[in-house]
Amino acid sequence: MASTQIFDPDGDLIFTLPGVPPKDAEPAEDPEPARKRSKSNRPIKTPQKAPDVRMQVSAKHMNGKVEIPLPDDDPATFTILLDIIHGRGRRVPRVIDLETFTILAVAIDKYQLHDVTEVCFDVWLSNTDEWGDDMGLDPELDACELYRPLTISWIFQQPTMFRSITSVIICGDKWLDLSAETKVPGTSQILPIPSVVLEGIRTQREQFIADLYAGLDSQIRKYTSLTNFGMKTPSICKASNDCKKNRECDALVLGSLMQSISKNISVWPDPGPPYDDSFCNLSHQIQSLEIFSRCDGVSECCREKNECKRIVYINRFYLEGLYLSDFPIGRGS
């Protein structure tokens, strides 16, 4: 029998949601054991279906009560929303986990309840222990763990959170897991991230990776340029008054650079987008390059030979994520 939660005794609108069986519920025994017996002669058990949940709420209609089925909604999170709408503030939880927060955000976006839930959002955000000032996120997290706060920041239009999370996604290696068809874990609902946001993340990610490859390529071209080895052209290294020794130093830098690239860079030369590798991984590979010279004590030469590594620092400095203001298309649209 379906249980009924009464939010308004005089309400004439009833929502029917699918029940959720308890985690420790025993499977029900098959009613036809004679026909469906296993070889061990044990009756086959089928998953126990939980009774539907009915919610009576405020809504005045002309012709009696109306019952609306909501097969895709979660009873627990829907109860929280109805408690908010009906002013039952003491029943609304102050602390929720990230998964519940995401499901709530999707339902709020679905039913356009942003304004009525705004105060609760601030409380939930401040009391959620699963992220800190930097959202507590790591580029190596599961894609769902990245998608959840991205969804929350988008639906509630939080610029700082949105920029921080998109920065983590751009830097990390989970782009191939992000899709416009990704569903809320445990539900059949698709996370409402617009394709324009995903495209913005993809474009930014590809640009930063391409810049790293361009820095390496520029470093190689600088040392292989014929003009640098012309008889009247100064060498890159200027540690000695002997041009021959300086050019030998340049040759050592180029040789060690090329050898280290073949050893440490997983994909070379630049394959072009889309990239299977990540910005973080390629940055780490570039930082691990071993580039040698004959004059390690000369600052100018050291700076030139490590230019490709300096580009990594520059890109990391400018990798801020996306700005919410660049996507003025409204909540969840």
Review point. Can you hop from Val116 to Leu70 via hydrophobic side chains spaced under 4.5 Å?
Key: yes
Practice item. Measure the acute angle between the ring planes of Tyr275 and Tyr213, then classify it against the limits of 30° and 60° as parallel, tilted or perpendicular. Key: parallel
Point to revise | Geometric class of the Phe156/Phe121 ring pair [parallel <30°, tilted 30-60°, perpendicular >60°] | key: parallel
**Study point:** Distance-only polar pair, side chains of Asp277 and Ser266, donor-acceptor under 3.5 Å
**Key:** yes
Study note, to complete from the structure: In this structure, CG of Leu104 is separated from CG of Asp74 (nearest 0.5 Å) by 8.5 Å
Exercise for review: Would you give the length of the straight line joining atom CD of Gln219 to atom NZ of Lys309, rounded to the nearest 0.5 angstrom?
Suggested key: 10.0 Å
Check your understanding: Sequence neighbours excluded, which residues qualify as salt bridge (Lys or Arg N to Asp or Glu O under 4.0 Å) partners of Glu320?
Key -> none
Revision key, fill the gap. Taken in chain and number order and not counting sequence neighbours, the residues that satisfy ring pair (Phe, Tyr, Trp, His ring centres under 6.0 Å) with Tyr111 are Phe78
Review point. CZ of Arg91: more than 12 outside heavy atoms within 6.0 angstrom?
Key: no
**Study point:** Under the side-chain contact (heavy atoms from CB on, under 4.5 Å) test, residues paired with Ser240 that sit two or more places apart
**Key:** Asp242, Lys245, Asn246
Review point. Between the main-chain N or O of Ile236 and the side-chain N or O of Asp250, is there a donor-acceptor pair closer than 3.5 Å?
Key: yes
Study note, to complete from the structure: Here the pair of heavy atoms bringing Ser283 nearest to Leu212 is OG-CD1, 3.4 Å
